[in-house]
Amino acid sequence: MLSLITFSPLVAAGLILLTRRLLQWRDEAARDQSTWAVGLLASLAVFGLAIFGLSQMAPAAPGFQLVEKTAWIGGVHYHLGVDSVAMLLILLTAFLTPICLFAAQSSIKSRVTEFVVAFLALETFVIGAFAALDIVLFYVFFEGGLIPMFVIIGVWGGANRIYAAYKFFLYTLAGSVLMLIALIAMVLLAGTSDIAALMAYDFPKDLQIWLWLAFFASFAVKTPMFPVHTWLPDAHVEAPTAGSVILAGILLKLGGYGFFRFSIPMFPDASEFFQPLVFALSVIAILYASLVAFRQTDVKKLIAYSSVAHMGFVTLGLFSGNVIGMQAAIFQMLSHGVISGALFLCVGVVYDRMHTREIAFYGGLATRMPIYAVALMLFTLGNVGLPGTSGFVGEILGLTAVFPVSPLAAAAAAFGVILSAMYGLHLYRAMMLGDLVNPKLAAIADLDAREIAVFAPLAFLTLLLGVAPGLVFDFTQQAAAAAAGELAAAFAR
Amino acid sequence: MEALFSRFDLVLGIPEIALAAFAVAIVMVGVFQRRASFGQMAGLLAFGFLIAGAASLLHGFAAPDRWTAFNGFFAHDREIAIVKALIYLASAATLAMSMRFLQAVERAQFEYVALIGFATLGMSVLASANSLLTVYLGVELLSLPSYVLAAFHRDSARGSEAGLKYFVLGAIASGLLLYGMSLIYGFSGALGFAEIAARASSGDVGITFGLVLMICGLAFKVSAAPFHMWTPDVYEGAPTPVTAFFAAAPKFAGMFIFARLMFEAFPSMIEGWRPIIAILAIASMAVGAFGALLQSNVKRLMAYSSIGNIGYGLIAIAAGPEAMGALIAYLAIYVTTTIGIFGGLLALRHQGAYLERIEDLSGLIGQRAGMAYGLGFLLFSVAGIPPFAGFWGKLLVFQAGVRADLVWLAVAGILLSVVAAFYYLRLIKVMVMDKAQARFDTPLGIPSWTLAIAALMVSVGYIPLLAPFLRLVGG
């Protein structure tokens, strides 16, 4: 089941390359059409499979489910399986990929085959990383995802795309190779690369510190946390819209997922030891990134910095050491995946029409684009954390969870919520409200049917998770409690 | 009085005897039958490789344990058999790729085939060497044809320079090697690996001195830093097929005998030679990573890439005898990747001119998407990015290093691999993201097929094959 979900996109990518060859007698446009169709259908099928996989799970049961295991190289196993958190993240991936492909159809005109192939390969790698139950296998998928993303940024990106692609690749690679060393040491020490067995293994505390730092290097870059977040704004600004959506929506979640799956349960003592560091860096990220976001002149950069700030809430919650914080962090990851993805798509809409991301260029768009104004309003407020949207739930629960542990961090983070309202509403006012001054905007068209189709499911999810967060909480209760329990036990020691 | 050798010894030596016979036959046919074409000659040698490889593998699988022959000068077991077969395969692949190039520069002569044959014979002898004299014989049998091959394009100034440089520096290295061997023989009174192991101890200054000199000589032959200076010039000056040949099979043979010599002749002195090898490893990785950053010539870049990769292989040697399987697997993957990349360089042309500069690859994906995918896979593999095979090779090597408590070496290697990733990425960037500067000709058949097979191997082929392969070579 999980193998099917994981590798279907890759098989579809192969199929696309094949049909491309076979259809050589048709003209370029027709072949592009078939490429989009195959890619979209395949990713929708994967989404269907993921929902089916979700329905097969018993969320209250402990441990991993839908397990597949075969011996592989050396002591490494091809071992897949999920708990409820991993399954939801897989679902998020499978949900955003078809949306991205659908939305990209209007803006990607060159090298369509490669684009769709890269996207599908990326989907395989990300899903594989969430589903891997062998730590080496996880690393393979985790690292492998760099390749398609490097290509997506470097080929279809903006003017400075090469620089951004390099920066993205090398930053992430440098972070993850340290994890590789730690991983080798762990496997040699514990004699297994099985994730469940490694979770149960008690690493000596002084070694935990080093291992934790090595894993932290990797996941902090990926999340990204202050001060290693600097690749993110560049990557976002230069990436094509669909690339930004996947980057913010899914790839960043690999960092949070890594903390949840590896750092906390495998090195609970070190996690306890480093909790002040994580809190400090998270709070700095929230405040600093919010302030920086406020001063941006580029829409995408603003949203990129807001991503950094929001991921700060995720790391706060993860390391709070209680179930509520853990639940809040997981929820915030899902919610941020939907909302930030939607915001990047919103930027893509006006960028496709006007080919600039300068905030100053826009103004008064609400008069010309009423539907767009509603959509952007919804997602901005979601990002700000308005009650009723999914953004609110994660933030408020995260703050309540952090408060008993560190009132100072909670107070500072709460201040960050105000800041996020400040830059979010500032952006909305500057772009949408006021008079339509710029004459170039006079003829700008509102959302067409296909764009509405893109935003509808995202808006639905934002509101649904906002009013019925229990859907997620009930599902992830067991897994969150298990992870939080590890950390709480370390505190008790 | 014992006989010099028995019939059984000859059976063990069939691969080498066959190779020697075929190489001599090629010279004879070439001299007396001028009409025989290059392709026929190459076919003849390939047939020789086939016989030698089959004989080696048959013996290796029928009798997997260690057998010695010719009074202990010569050894054979399953591990050696597999290494030999891979060496023949690599030589055959680089020979097959070279034909069109040599025809284009009007150097498609039978001597080329004969030289490749003799050099491969040298590697084969090296792989089986069980005494210092056999090692020296193998090294020289490999080196002398290599000097000639480097200058094979004799009208080219750069080619002659490459040949001369290689010869002079190579002769010095051979001198170092021989001097080291004579010291060891003088102080231990033995030439065979096993006898040296029994008699040598680290307390003996003469032995230590000899060992260091031998390490220097071998480090030169496998182009490990700081004995790498000849590599970029020779790689750049030699004709591209010769560069491809240098970068593949001889590296395999050289590293293999390097490891066997250390593990089998000096096992008790491991604490003595381990730091030396570790320093060679870290220097090679650093030179490979930083040296390649500013190169604009693809062949020079590949030279630094091979220096760096030798550095990773040296980690396995420093890790000790348990790492033999990891070393062989690493080398097999590296050689596959290298041959594939050179396949790309020998398949692609602009109006008949072969590629030299990195920019010549610009915009490949727009015109020859298949070639670009293949090369891209190979480059990601050699950069060590999963899921490609190069990652598994590096993982095995690092694992061996950490297991031997060489964590610092593994950390340094891994960090330098990030630096190295940068220039492999640059090649990919040029192929995938830059605008095309000129039209590519239709890729040549044999090199593109080699590229395709290599790319297939590193992307999917090794995934199921690596585990059984490791079992066979004792990993």
Side-chain angles (χ1 to χ4, degrees), chain A residues 10 17 20-21 70-76 78 110-111 113-114 117-118 121 124-125 128 136-147 150-151 153-157 161-163 165-166 169-189 193 210 214, chain B residues 325-326 329 365-366 369-370 372-373 376-377 379-380 383-389 391-392 394-405 407-408 410-422 424-426 428-430 432-434 460 462-471 475:
Chain A
L10 205 60
L17 289 175
R20 199 74 190 179
R21 284 251 144 183
T70 327
W72 199 19
I73 299 164
V76 178
Y78 173 77
S110 66
R111 303 223 202 123
T113 325
E114 279 85 14
V117 166
T124 285
F125 285 124
V136 177
L137 187 64
F138 167 80
Y139 186 83
V140 168
F141 283 124
F142 183 79
E143 247 343 48
L146 295 185
I147 298 173
F150 172 73
V151 175
I153 297 177
V155 176
W156 296 276
R161 59 184 198 274
I162 307 281
Y163 169 77
Y166 273 130
F169 196 98
L170 294 176
Y171 247 78
T172 329
L173 184 66
S176 5
V177 292
L178 291 173
M179 176 168 82
L180 181 62
I181 289 280
L183 186 155
I184 292 172
M186 285 164 67
V187 171
L188 288 180
L189 199 66
S193 54
W210 289 104
Chain B
I365 199 164
Y373 274 100
F377 286 179
L379 289 166
F380 277 121
I385 310 289
F388 298 109
F391 164 74
W392 293 101
K394 285 211 168 89
L395 182 71
L396 288 169
V397 166
F398 291 140
Q399 212 169 5
V402 173
R403 190 175 284 145
D405 270 336
V407 180
W408 61 276
V411 171
I414 266 183
L415 291 178
L416 286 167
S417 79
V418 178
V419 179
F422 177 77
Y424 298 122
L425 280 185
R426 191 161 65 121
I428 293 165
K429 180 217 113 186
V430 168
V432 177
M433 299 168 196
D434 285 1
V460 290
Y462 273 111
I463 289 175
L465 286 181
L466 198 53
F469 183 76
L470 272 172
R471 262 197 301 281

Visitor: Could you grab the distance from atom CZ of Arg426(B) to atom CD1 of Ile162(A), nearest 0.5 Å is fine?
Guide: 12.5 Å
Visitor: Looking at every non-hydrogen atom in both residues, tell me the closest pair between Pro387(B) and Gly144(A) and how far apart they are.
Guide: CD-CA, 4.2 Å
Visitor: For Arg161(A) and Met433(B), which heavy atoms make the closest approach, and how far apart are they?
Guide: NH2-O, 3.3 Å
Visitor: Side-chain contact test, heavy atoms from C-beta onward, threshold under 4.5 Å: evaluate it for Ile385(B) versus Leu173(A) and give yes or no.
Guide: yes
Visitor: Between Leu17(A) and chain B, with a heavy-atom cut-off of 4.5 Å, which part of the residue counts as in contact: side chain, backbone, both or neither?
Guide: side chain
Visitor: Given the options Phe398(B), Phe422(B), Phe388(B), which has more heavy-atom pairs under 4.5 Å with chain A than any of the others?
Guide: Phe422(B)
Visitor: Should Ile365(B) and Val155(A) count as side-chain neighbours, where that means a heavy-atom distance under 4.5 Å?
Guide: no
Visitor: Between Leu415(B), Leu396(B), Ile463(B), Asp434(B), which has the largest tally of heavy atom pairs under 4.5 Å with chain A?
Guide: Ile463(B)
Visitor: Between Phe169(A), Tyr78(A), Phe142(A), Tyr166(A), which shows the greatest number of heavy-atom pairs under 4.5 Å with chain B?
Guide: Tyr166(A)
Visitor: Let me know if Tyr139(A) has heavy atoms under 4.5 Å from chain B in its side chain, its backbone, both or neither.
Guide: both
Visitor: Could you report the tightest heavy-atom contact between Ser417(B) and Val177(A), atom names first, then the distance?
Guide: OG-CG1, 4.5 Å
Visitor: Considering only heavy atoms from C-beta outward, does the side chain of Leu395(B) approach that of Ile184(A) to under 4.5 Å?
Guide: yes
Visitor: Residues two or more places apart in sequence or in another chain: which of them pass side-chain hydrogen bond (donor to acceptor under 3.5 Å, both in side chains) with Ser193(A)?
Guide: Asp134(A)
Visitor: Do the side chains of Val117(A) and Tyr373(B) get nearer than 4.5 Å, heavy atoms only?
Guide: yes
Visitor: Roughly how far apart are Ile428(B) CD1 and Phe150(A) CZ, rounded to 0.5 Å?
Guide: 6.5 Å
Visitor: What's the spacing between Ile181(A) CD1 and Gln399(B) CD if we round to 0.5 Å?
Guide: 11.0 Å
Visitor: With a 4.5 angstrom heavy-atom cut-off, which part of Trp156(A) approaches chain B: side chain, backbone, both or neither?
Guide: neither
Visitor: Can you check whether Lys394(B) reaches Leu180(A) side chain to side chain, under 4.5 Å on heavy atoms?
Guide: no
Visitor: For residues Phe377(B) and Ile147(A), determine if any side-chain heavy atom of one lies less than 4.5 Å from a side-chain heavy atom of the other.
Guide: no
Visitor: By a 4.5 Å heavy-atom criterion (distance strictly below it), what part of Leu188(A) contacts chain B: side chain, backbone, both, or neither?
Guide: side chain
Visitor: List the atom of Glu114(A), the atom of Ala369(B), and the distance in Å for their closest heavy-atom pair.
Guide: OE2-CB, 4.3 Å
Visitor: State which residues pass side chain to side chain contact (heavy atoms under 4.5 Å, CB included) with Leu416(B); sequence neighbours excluded, sorted by chain then number.
Guide: Met285(B), Ala286(B), Ala289(B), Phe290(B), Tyr312(B)
Visitor: Does Trp72(A) reach the main-chain N or O of Ala467(B) with its side chain, forming a donor-acceptor pair under 3.5 Å?
Guide: no
